[in-house]
Amino acid sequence: MNLSKDLNENIFYRILNFTYWFLLTNIYFFLFTIPFWLVAQLFWDPANLFSWGLLLVSLLPVGPALTAAFSVMGKLHREKTISITKDYFTAVKENMRQALLPWTIQLLITSIVVADILFLTDHEIGSYITPLCYMILITNAISSLYLYPILSRLEVPLRGLFKLAFGYTLFNIKTTLVLISMVAVTGILVYIIPFISLFFIIGPFSYGVMWTMKNTIQELEKKLIV
């Protein structure tokens, strides 16, 4: 009886801890998205080139914030406990420079491809090139699900980081499909229950990605050590 009670209390305690960690991860991540929401609400004008530039600048803090979320959720998966505030902002500080550059490159790729799609809409050749543009967009987005989890755990040169991310995206099919499924489920949850999911979605999503990526990251750690 006592064993059963202790077990139930332990499970309840862990659920409370995980809920707390997920909630704070979401709140801290959201803080770094405030510039984007301000620009989107106050200054966004799709016909204004300056507005596009301002939007890109406002998105720059999101890369390090996302990397930090992967970092703390990866630590939670490995160690089963974290000091969420200290660990998150330490991860932001440690990953700021190395996450900002690849994130900026990916934002530029996205903006250029989106501009090409909009431009080609009114041209006959667009029906041939636009599908390729969408493939580039999708590959760029999926590769980020490898790039930032790897970056959150390992120090890899920029060129090697992109090679790893795109290589895993194209050739590690099973993991890629799992990651795509997680993105799809996350999107559905945000659509169905937007208010609640926005408070909790980043934490569980980052934890799920790091759990899915654990074998890949362990293999890379062994290769880098060797």
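Predicted, not measured: the structure shown is a model, and the values here were computed from it. Residue numbers start at 1 and run along the sequence shown. Any value given below was found using the heavy atoms of this structure, including those in side chains, with hydrogens, waters and symmetry copies removed.
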Taking side chain as C-beta onward, heavy atoms only, is [X] less than 4.5 Å from [Y]?
X: Ile150; Y: Met213; answer: yes
X: Val62; Y: Leu107; answer: no
X: Phe162; Y: Pro102; answer: yes
X: Thr81; Y: Asn17; answer: no
X: Val209; Y: Met73; answer: no
X: Ser58; Y: Leu55; answer: yes
X: Phe205; Y: Leu66; answer: no
X: Gln98; Y: Val156; answer: no

Within the side chain of [X], is there an N or O that forms a donor-acceptor pair under 3.5 Å with the backbone of [Y]?
X: Lys214; Y: Trp211; result: yes
X: Asn95; Y: Ser152; result: no
X: Tyr146; Y: Thr176; result: yes
X: Thr139; Y: Ile136; result: no
X: Arg78; Y: Gly74; result: yes
X: Ser51; Y: Asp45; result: yes
X: Ser71; Y: Thr67; result: no

How far apart are the closest heavy atoms of [X] and [Y], and which atoms are they?
X: Pro64; Y: Met96; value: CG-SD, 3.5 Å
X: Leu147; Y: Ala165; value: CB-CB, 3.8 Å
X: Ile82; Y: Leu76; value: CG2-N, 3.7 Å
X: Ala69; Y: Ile202; value: CB-CG2, 4.0 Å
X: Leu151; Y: Ala99; value: CD2-CA, 3.5 Å

Is it the case that over 12 heavy atoms from other parts of the model lie below 6.0 angstrom from the CD atom of Glu155?
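12 or below, so no.
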Just checking Lys80: does its NZ atom have more than 12 heavy atoms from other residues, nucleotides or ligands closer to it than 6.0 angstrom?
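It does: Lys80 NZ has more than 12 such atoms within range.
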Supply the atom-to-atom distance [X] [atom1] to [Y] [atom2], rounded to the nearest 0.5 angstrom.
X: Ile117; Y: Tyr134; atom1: CD1; atom2: OH; result: 4.5 Å
X: Thr90; Y: Lys75; atom1: OG1; atom2: NZ; result: 8.0 Å
X: Thr25; Y: Ile84; atom1: OG1; atom2: CD1; result: 3.5 Å
X: Leu54; Y: Leu42; atom1: CG; atom2: CG; result: 10.0 Å
X: Thr216; Y: Asn172; atom1: OG1; atom2: CG; result: 5.0 Å
X: Ile193; Y: Ile188; atom1: CD1; atom2: CD1; result: 11.5 Å

Should the ring pair [X] and [Y] be called parallel, tilted or perpendicular, given that the plane angle runs from 0 to 90° and is split at 30 and 60?
X: Tyr148; Y: Trp103; answer: perpendicular
X: Phe22; Y: Phe18; answer: perpendicular
X: Trp44; Y: Trp52; answer: perpendicular

Strictly by modelled atom types, are Thr110 and Asn140 linked by a side-chain donor-acceptor pair under 3.5 Å?
yes
Would you sort out whether Tyr88 and Leu24 count as a side-chain contact (heavy atoms from CB on, under 4.5 Å), showing the intermediate values?
CA-CA 9 Å; Tyr88 187 88; Leu24 282 188; over 6 Å; no
Is [X] linked to [Y] within one hydrophobic cluster, defined over Ile, Leu, Val, Met, Phe, Trp and Tyr using a side-chain heavy-atom separation of less than 4.5 Å?
X: Ile112; Y: Ile105; answer: no
X: Met135; Y: Val113; answer: no
X: Val39; Y: Leu108; answer: no
X: Tyr168; Y: Leu158; answer: yes
X: Leu59; Y: Leu101; answer: yes

I'd like to know whether Ile142 forms a side-chain contact (heavy atoms from CB on, under 4.5 Å) with Ile180, so could you lay out the CA-CA distance, the side-chain angles of the two residues, the decisive distance to 0.1 Å, and finally the verdict.
CA-CA 7 Å; Ile142 296 172; Ile180 292 173; 3.5 Å; yes
